[in-house]
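Shown next, in structure tokens, is the structure this report addresses.
Just so you know, these numbers come straight off a predicted model, no measurement behind them. Below, each value reflects all heavy atoms present in this structure, side chains not excepted, and no hydrogens, waters or symmetry copies.
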Amino acid sequence: MVPKKPHALLLWMLVCSGGSTEAIEPISTSIAVGMAAALTGFLATYPNIFYYFNECCRPEWISLNKTGLKVDLDRKLYGQHIASRIILKAVSGFMSNDNPKKPLVLSLHGWTGTGKNFVSQLIADNVYKEGMDSSFVHIFTSELHFPHASQLETYKSQLQQWIKGNVTNCAHSMFIFDEMDKMHPGLIDSIKPYLDYYDKLDGVSYRKAIFIFLSNAGGESITQTALDFWKAGRDREEIELKDLETLLSLAVFNNKKSGLWHTSLIDKNLVDFFVPFLPLEYKHVFQCAMAEMMARGHQPDTSVADQVARDVVYFPKTERVFAVKGCKTIESKLDYYI
């Protein structure tokens, strides 16, 4: 990236800050006005040049690539027909609405290695030009950001301030909460007002923000349903959202070890979609291994992918139907075979 020249830097500050004089303090208003006037000719000559200097909360940097998201979900997410369909419809519907009534709230559930984190990345990659590196994408991990139960009240206050500050900076902010099953119960309720149907709270509108919760909670219910279908000789693609959604929301709501335990977010129906991620089978682990080889620049080797997929742990032990860790360990296992 080309370093900003002084006049371009000020221009970026003026444009990306929305013209707020607070955003350019301690420059005095008179100096700012004078410099802005001097830049008028520059802006008239190069009307779009400031878009290339640094990331802004503008459509040039934030807009949905619906085709890209669909292609990524179809080609890169394995074994998750329910999740793919929900994510595409939910995100595309929300991003195409210029005046949503509330933020988009997605709660992703399933065993480890089934694609929850990966889907969050795909959403970010197709909404933000900078993807997961965007300054408008924020990740909270329970054990890193909220480790001590004794500081719960402090965490609540900090979380509210973090979200308020970032949404004030950019209405189209995305917040990803990983390890919700390890979060202290009650903490997430502190942001309940931000997810509700309010035009503004203290002058700030949260309606264009996206909140994504990732959790292993409810994974047992999802897996049991998938196992029941398998035992009945039914194809996994026959499983529909209606077979899981109510069961999943109840399982999460009543799980005392989950950060969503008895949360008002569920009780007040503020979660737009509970998205189930099904346990992965051998064929999906095989696809993950092939994709990882391609990502490393290697020629995909079916024999290697087969060996890697066969060596992961499956359950039930005798039938070996579902991979216990999904595709979680594929990257490290390939180091052994390649």
Side-chain angles (χ1 to χ4, degrees), residues 1-27 32 35-36 39-40 42-72 76 87 90-92 94-100 103-106 117-141 144-145 158-178 191 194 203-212 214:
M1 180 175 291
V2 179
K4 300 181 185 70
K5 295 181 179 179
H7 55 268
L9 176 59
L10 178 58
L11 181 59
W12 173 79
M13 293 171 67
L14 291 171
V15 174
C16 292
S17 66
S20 171
T21 56
E22 293 182 1
I24 59 174
E25 290 181 351
I27 301 175
M35 294 183 71
L39 290 174
T40 302
F42 175 82
L43 178 58
T45 305
Y46 306 101
N48 296 318
I49 197 168
F50 55 80
Y51 299 145
Y52 301 99
F53 289 124
N54 209 329
E55 185 181 27
C56 289
C57 185
R58 297 176 60 92
E60 292 78 16
W61 293 87
I62 305 174
S63 62
L64 174 65
N65 180 355
K66 182 177 179 180
T67 300
L69 179 58
K70 184 179 188 308
V71 170
D72 282 347
K76 299 179 180 180
I87 294 297
V91 175
S92 59
F94 179 77
M95 291 298 296
S96 64
N97 188 350
D98 293 331
N99 188 30
L104 176 62
V105 183
L106 302 174
N117 289 86
F118 185 54
V119 160
S120 301
Q121 177 186 324
L122 294 183
I123 295 173
D125 287 346
N126 287 283
V127 172
Y128 301 88
K129 188 175 180 180
E130 296 293 301
M132 292 295 287
D133 292 328
S134 172
S135 57
F136 308 124
V137 175
H138 313 280
I139 303 176
F140 299 97
T141 302
L144 175 62
H145 295 99
Q158 289 178 340
L159 186 56
Q160 290 174 338
Q161 292 303 313
W162 285 335
I163 292 178
K164 181 179 180 180
N166 283 300
V167 174
T168 300
N169 183 46
C170 182
H172 285 288
S173 293
M174 178 186 291
F175 302 93
I176 301 171
F177 292 83
D178 198 3
I191 68 169
Y194 304 150
V204 180
S205 174
Y206 298 86
R207 295 182 299 166
K208 294 184 178 180
I210 297 176
F211 293 82
I212 302 177
L214 311 180

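Interatomic distance, S135 OG to N169 CG, rounded to the nearest 0.5 Å: 7.0 Å. The structure places NZ of K164 at 13.5 Å from CG of L159, a figure rounded to the nearest 0.5 Å. Distance check: I123 CD1 to I212 CD1 gives 4.0 Å after rounding to the nearest 0.5 Å. Note that the CG atom of L104 and the NZ atom of K208 stand 14.5 Å from one another [nearest 0.5 Å]. For the atom pair CG of D178 and CD1 of I139, the computed distance is 8.0 Å after rounding to the nearest 0.5 Å. Rounded to the nearest 0.5 angstrom, M174 CE and M132 CE are separated by 8.0 Å.
The shortest heavy-atom contact between L214 and S120 is CD2-OG, 3.5 Å. Between D125 and G131 the shortest heavy-atom distance is OD1-CA, 3.5 Å. For the residue pair H172 and M95, the shortest heavy atom distance occurs at ND1-CE, 4.5 Å. The minimum heavy-atom distance between C57 and A171, with the atom names listed, is SG-N, 4.0 Å. Between F94 and P100, the shortest heavy-atom contact is CE1-CB, 3.7 Å.
S134 and E55 share a donor-acceptor pair across their side chains, judged by distance under 3.5 Å alone.
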> side-chain contact (heavy atoms from CB on, under 4.5 Å) between C170 and I62: does it pass, once the steps are laid out?
Replying inline: CA-CA 10 Å; C170 182; I62 305 174; 3.6 Å; yes
>> Apply side-chain contact (heavy atoms from CB on, under 4.5 Å) to residues E130 and V137 and explain how you reach the verdict.
In response: CA-CA 9 Å; E130 296 293 301; V137 175; over 6 Å; no
> Going through the checks in order, is the side-chain contact (heavy atoms from CB on, under 4.5 Å) test met by K70 and N126?
Replying inline: CA-CA 9 Å; K70 184 179 188 308; N126 287 283; over 6 Å; no
>> Assess the residue pair I191 and F177 against the criterion (side-chain contact (heavy atoms from CB on, under 4.5 Å)); give the C-alpha distance rounded to whole Å, side-chain angles, the decisive distance to 0.1 Å, and a yes or no.
In response: CA-CA 12 Å; I191 68 169; F177 292 83; 4.1 Å; yes
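At a threshold of 4.5 Å between non-hydrogen side-chain atoms, the residues Y206 and I163 count as touching. Two residues are said to be in side-chain contact when any heavy atoms from C-beta on lie closer than 4.5 Å; W61 and V127 fail this criterion. Within the 4.5 Å cutoff, side-chain heavy atoms of N99 are placed close to those of R207. Taking 4.5 Å as the limit, every side-chain heavy atom of S92 sits out of range of all side-chain heavy atoms of L69.
Aromatic ring centres of F175 and W162 lie farther apart than the 6.0 Å criterion allows.
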